[in-house]
Visitor: 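Handing you this structure, nothing more for now.
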Amino acid sequence: MAKVLVVEDEEDIRYIIVSVLSMEGYDAVEAGSIEEMYHRLNSGSFDVIILDLLLPDGDAVDEIPRLRLSTQDSYILVLTAKRSDRDRILGLEMGADDYMVKPFNPREVVARVRALLRRRKQDYEEVLKVGEITINRSRMSVEKDGKTIPLSHKEFSILSLLASAPNKIFSRSEILDAVWGFEDVSDRVVDVHISYLRKKLGFDVIATVRGVGYRLKVD
Ligand code: CA
């Protein structure tokens with residue numbers, strides 16, 4: 001049974017979220033403040049943390065980096081009351097996985113939680129072997145022919161994305177969205193990182209599909 005921590009100080013909203021999740025068979029646990037959230041996290045791990053940003057003891061945006069580090073296996077779904085891009089973008093930049101703007105339909109929460117858990121299944125194929133390359137996602141390491149290849153974080157993310165569907169062509173904008181998210185960078189940055197990857201992994205590993213994008217070559 002997937003465990004969900006619902007961090008929300010408005011009692012009626014928290015109650016509704018917990019109720020719909022429980023009805024769907026999730027094990028939903030409540031917290032009404034940042035302090036209570038850490039208390040819950042100390043006594044167990046959660047698959048998804050639903051996090052309201054405005055809590056009585058602080059702005060939960062500031063807690064996201066710490067959560068990200070201490071609960072690497074959890075997905076964070078941010079709830080924001082304001083229709084504010086600042087909160088939304090900040091939440092995602094800090095490492096949240098998804099967000100919802102209040103007011104929302106409680107059924108939507110269930111759908112989002114389900115989508116995150118599906119995503120996790122794909123993300124946590126921890127060790128991917130593609131041709132001569134072995135990608136270990138939990139250790140963020142890459143080996144080729146038994147030798148560890150040092151990659152930057154972005155290089156690793158690109159390789160990991162391409163390896164999630166070998167031979168599938170990923171467009172530059174797909175790669176940008178997946179790896180850079182909301183960062184405002186140009187398409188060129190993708191080409192530059194692909195060239196770094198080729199230098200490190202060998203020039204035959206990633207194919208350019210002219211005018212379309214890139215794919216990881218596998219025979
Ligand atoms: Ca609140």
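For ligands, and for the atoms within them, numbers begin at 1 and follow the listed sequence.
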Visitor: Near the Ca ion (ligand 1), is there an N/O/S atom from E8 that is less than 3.0 Å away?
Guide: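 No, since none of the N, O or S atoms of E8 sits under 3.0 Å from the Ca ion (ligand 1).
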Visitor: Could you measure the distance from the CE atom of M140 to the CD1 atom of I135? Nearest 0.5 Å is fine.
Guide: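 Reported to 0.5 Å precision, the distance equals 11.0 Å.
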Visitor: What's the atom name of the N, O or S in D9 nearest to the Ca ion (ligand 1)?
Guide: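 For D9, the N/O/S atom sitting closest to the Ca ion (ligand 1) is OD1.
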Visitor: Among K200, K199, R198, which residue satisfies the salt bridge (Lys or Arg N to Asp or Glu O under 4.0 Å) criterion with E155?
Guide: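 Exactly one candidate clears the test, K200.
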Visitor: Is it true that some N/O/S atom of P56, main chain or side chain, lies under 3.0 Å from the Ca ion (ligand 1)?
Guide: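 Here the distance criterion (N, O or S atom, under 3.0 Å) is not met by P56, so no.
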Visitor: Do E63 and Y38 meet the criterion of a side-chain donor-acceptor pair at a distance under 3.5 Å?
Guide: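 Yes, a side-chain donor-acceptor pair sits under 3.5 Å.
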Visitor: Quick one: are the ring centres of H193 and Y196 less than 6.0 Å apart?
Guide: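 Between H193 and Y196, the centre distance is under 6.0 Å.
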Visitor: Would you mind naming the N, O or S atom of D52 nearest to the Ca ion (ligand 1)?
Guide: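 Result for D52 and the Ca ion (ligand 1): OD2.
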